[in-house]
Engineer: 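I'd like to ask some things about the structure below.
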Amino acid sequence: MEAMVIDSEKIHERKQSDYNSLDERFEIQKEMYRGQQYSQIYFARLHLMRTLLYSLAPTWKPHLPVCKVLGLEKGKECIIVGTLFKHMKLKPCVLDEYSKERSVTPLVKPHNFMHPDDNLILEDESGRVKLAGSALSPAIYVTGVVVALHGKETNAGEFFVEDVLEAGLPPQIERPIDLQDDKYVVLLSGLCIGSKSANPLQFQLLVDHITGHLGDEEEQGLAAQIVHVVIAGNSVEFPRKLINGQNLASKDQSTLYEPIKELDIMLNQIAAGVSVDIMPGTNDPANFALPQQPLNRCLFPGSSPYNTFRSCTNPHSFDLDNIRFLGTSGQNIDDLDKYSEAKSKLDFVERTLRWRHLAPTAPNTLGCYPFTDRDPFLIETCPHVYFVGNQEKYDNRLLKGSEGQLVRLICIPKFCETGIAVAVNLRNLECHTLSFSTQINQS
């Protein structure tokens, strides 16, 4: 569908791009829940990651044998591959809330559950062994990461780690070199329509910019270069007092629907001019566990008739002019922030790529569907753009892999708090912010 950005003097024709959705692996269609536990997703993860790490081991440490945990011998150097488990003193336990004798550990949730006494254990299907040594920092790793370790068993029965091998960045499809025009993808998240912090005028300014109804001829020319919009979760927020499990009065039902109605009006305006993907987030009316399934199209009677409107999964992956995008609404990174430490949120984002896993803490501390024969969160192909929504501030980094991979990592801030969206140029992966403010400067 072609859309025009019209000016009294000049007509700007919106640029076009080829879109291909890659969400199929995140869709739960033929899966059947038969009371299965989460062990199967861990087995699937270990099997696939171990095959990969085994293939890397000969070039990493060609002189060392590869052992299973049960095959360790005291003092003999070897390589073991398994899933890390982090024993955490402050990790919340649901039983603590019901225990008669309250533990010394406070039940007030801190921002981060790290403790100096935390330690790591490596586990494979044969057994588990406690890890020692400074080569593997408990502050960096979390439960669920699959690694290869070089070391030896000590007299105390621990495995003394001397070196660590992570999976590293996955292979990347070649970036097209014939992209000559500037084409932009706008990424935003945390609209929080219905919350006290939401500013309807701020979002309307963004919509008017995208659709070309704002600014002078030059600005309209820039708007015509926007080929796609992604809304990465937490688009609406409902009054907590209404969601209490009780039957709602008709007045409360209409109040509950108001944020969705307002969102649909805005999406309608965007979809009339440019293709738009909407992902579910923590606060949206979707399933809680990852992968979150697309928001029901019935919620958007105004937008859903447009073929430019797509309700997508979280995580979400797609190709645009053969540039691969991968992103989440932020739950995976927020969870890593609770159970490990880093200088910036982008460090967490980078780690998930190096571990080749979108959500290593699922299912341990992050809810996910109990898949039986696969782990959809494994990153098999390196994206060109990897974005994470609903972060406190905007940040970006260009990550270079050992095999020439180039990835633009982006933290998308909450729009309702910052008024900031992010524009990514498909031609060179450069990105900049679009900032919208409704405050009047008093001089």
Side-chain angles (χ1 to χ4, degrees), residues 39 42-91 93 105 112-170 335-343 347-348 350-357 360-365 375 378 402:
S39 57
Y42 278 123
F43 277 130
R45 185 184 307 178
L46 178 60
H47 174 72
L48 288 163
M49 291 298 292
R50 183 166 52 198
T51 306
L52 170 70
L53 289 164
Y54 276 178
S55 68
L56 298 173
T59 51
W60 179 51
K61 307 274 179 177
H63 59 289
L64 290 175
V66 179
C67 301
K68 290 278 178 76
V69 169
L70 270 184
L72 290 174
E73 295 176 31
K74 283 186 179 63
K76 186 182 174 185
E77 286 194 37
C78 66
I79 294 170
I80 54 173
V81 178
T83 309
L84 291 175
F85 171 77
K86 182 147 86 170
H87 180 73
M88 302 186 73
K89 195 174 182 178
L90 297 181
K91 184 184 164 188
C93 174
T105 313
N112 185 283
F113 300 109
M114 294 290 296
H115 189 276
D117 293 342
D118 292 347
N119 58 75
L120 292 167
I121 292 162
L122 190 86
E123 202 172 70
D124 63 16
E125 63 270 67
S126 73
R128 56 188 349 214
V129 63
K130 191 175 176 182
L131 304 175
S134 58
L136 198 69
S137 170
I140 292 173
Y141 292 90
V142 290
T143 297
V145 179
V146 180
V147 289
L149 303 176
H150 160 216
K152 57 190 173 187
E153 189 179 8
T154 64
N155 291 330
E158 297 177 336
F159 188 79
F160 187 85
V161 181
E162 294 179 23
D163 203 357
V164 186
L165 175 67
E166 297 172 349
L169 267 62
D335 203 58
L336 284 177
D337 192 28
K338 289 178 190 171
Y339 296 97
S340 59
E341 289 176 346
K343 288 179 181 174
D347 290 342
F348 292 126
E350 185 177 324
R351 281 174 200 170
T352 58
L353 263 187
R354 294 196 186 281
W355 296 335
R356 294 203 196 184
H357 203 279
T361 54
N364 183 44
T365 52
D375 183 350
L378 289 171
S402 58

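Position 1 is the first residue of the sequence, and the numbers go up from there.
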Engineer: With sequence neighbours left out, what residues match E166 under side chain to side chain donor-acceptor pair (under 3.5 Å)?
Structural biologist: Y141, W355

Engineer: With sequence neighbours excluded, tell me which residues meet side chain to side chain contact (heavy atoms under 4.5 Å, CB included) with D117.
Structural biologist: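 Partners of D117 under the side chain to side chain contact (heavy atoms under 4.5 Å, CB included) test: K89, H115.
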
Engineer: What are the two closest heavy atoms between V81 and R50, and how far apart are they?
Structural biologist: CG1-CG, 3.8 Å

Engineer: Give, for atom CG of L64 and atom CD of E77, the distance between the pair rounded to the nearest 0.5 Å.
Structural biologist: 6.0 Å

Engineer: Can you find a pair of side-chain heavy atoms, one from L165 and one from L53, that are under 4.5 Å apart?
Structural biologist: yes

Engineer: Has R356 got a side-chain atom pairing as donor or acceptor with G168's backbone, closer than 3.5 angstrom?
Structural biologist: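 Between the backbone of G168 and the side chain of R356 there is a qualifying donor-acceptor contact (under 3.5 Å).
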
Engineer: What are the two closest heavy atoms between A44 and D375, and how far apart are they?
Structural biologist: CB-N, 4.3 Å

Engineer: Counting C-beta onward and ignoring hydrogens, is there a side-chain heavy-atom pair between V129 and I80 closer than 4.5 Å?
Structural biologist: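 Yes, side chains in contact.
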
Engineer: Kindly write out the residues that satisfy side chain to side chain donor-acceptor pair (under 3.5 Å) with R351, not counting sequence neighbours, or none if the list is empty.
Structural biologist: none

Engineer: So, taking the atom named SG in C67 and the one named CD in E73, what distance separates them when rounded to the nearest 0.5 Å?
Structural biologist: 7.0 Å

Engineer: Does the side chain of L169 reach to within under 4.5 Å of the side chain of S402, using non-hydrogen atoms?
Structural biologist: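 L169 does not reach S402 side chain to side chain.
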
Engineer: When you measure from the side chain of K86 to the backbone of Y339, do you find a donor-acceptor pair of N or O atoms at a distance under 3.5 Å?
Structural biologist: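 Judged by distance alone, yes, a pair lies under 3.5 Å.
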
Engineer: Quick one: does R45's side chain have a donor or acceptor within less than 3.5 Å of a partner on P360's backbone?
Structural biologist: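 Flag set: sc R45 to bb P360 pair under 3.5 Å.
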
Engineer: If I take atom CZ from residue F43 and atom OG1 from residue T83, how far apart are they, to the nearest 0.5 angstrom?
Structural biologist: 9.0 Å

Engineer: Can you tell me how far apart CG (L136) and CG (L131) are? Round to the nearest 0.5 Å.
Structural biologist: 6.0 Å

Engineer: With rounding to the nearest 0.5 Å, note down the distance linking CZ in F348 to CG in L353.
Structural biologist: 14.5 Å

Engineer: Give me the atom names and distance for the closest heavy-atom approach of N364 to T143.
Structural biologist: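 Looking at all heavy atoms of both residues, the closest pair is ND2-CB, 3.5 Å.
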
Engineer: Should V146 and H357 count as side-chain neighbours, where that means a heavy-atom distance under 4.5 Å?
Structural biologist: no

Engineer: Does any part of the side chain of L84, heavy atoms only, come nearer than 4.5 Å to the side chain of V147, both counted from C-beta?
Structural biologist: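 Answer yes - side chains close enough.
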
Engineer: For H150, does its backbone N or O pair with a side-chain atom of D163 as donor and acceptor, under 3.5 Å?
Structural biologist: no

Engineer: Could you pull out the closest heavy-atom pair between G144 and Y42, with the gap in Å?
Structural biologist: CA-CE2, 4.2 Å

Engineer: Considering non-hydrogen atoms only, spot the tightest contact between P138 and D118 and give its length.
Structural biologist: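 In terms of heavy atoms, the two residues are closest at CG-O, 3.7 Å.
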
Engineer: Strictly distance-based, threshold 3.5 Å: is any side-chain N or O of S126 a donor or acceptor partner for the main-chain N or O of L70?
Structural biologist: yes

Engineer: Would you check, one step at a time, whether the test side chain to side chain contact (heavy atoms under 4.5 Å, CB included) holds for F159 with L122?
Structural biologist: CA-CA 9 Å; F159 188 79; L122 190 86; over 6 Å; no

Engineer: To the nearest 0.5 Å, tell me how far M88 CE sits from L120 CG.
Structural biologist: 9.5 Å

Engineer: What is the minimum heavy-atom distance between L46 and E125, and which atoms define it?
Structural biologist: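 Looking at all heavy atoms of both residues, the closest pair is CD2-OE1, 3.9 Å.
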
Engineer: Can you find a pair of side-chain heavy atoms, one from K152 and one from K76, that are under 4.5 Å apart?
Structural biologist: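 They are not in side-chain contact.
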
Engineer: Does a sphere of radius 6.0 Å around NZ in K61 hold more than 12 heavy atoms from other residues, nucleotides or ligands, not counting ones at 6.0 Å or beyond?
Structural biologist: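 Counting other residues, nucleotides and ligands, NZ of K61 exceeds 12 neighbours.
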
Engineer: Spell out, as yes or no, whether a donor-acceptor pair under 3.5 Å connects the side chain of D337 to the backbone of S340.
Structural biologist: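 It does not hold such a pair.
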
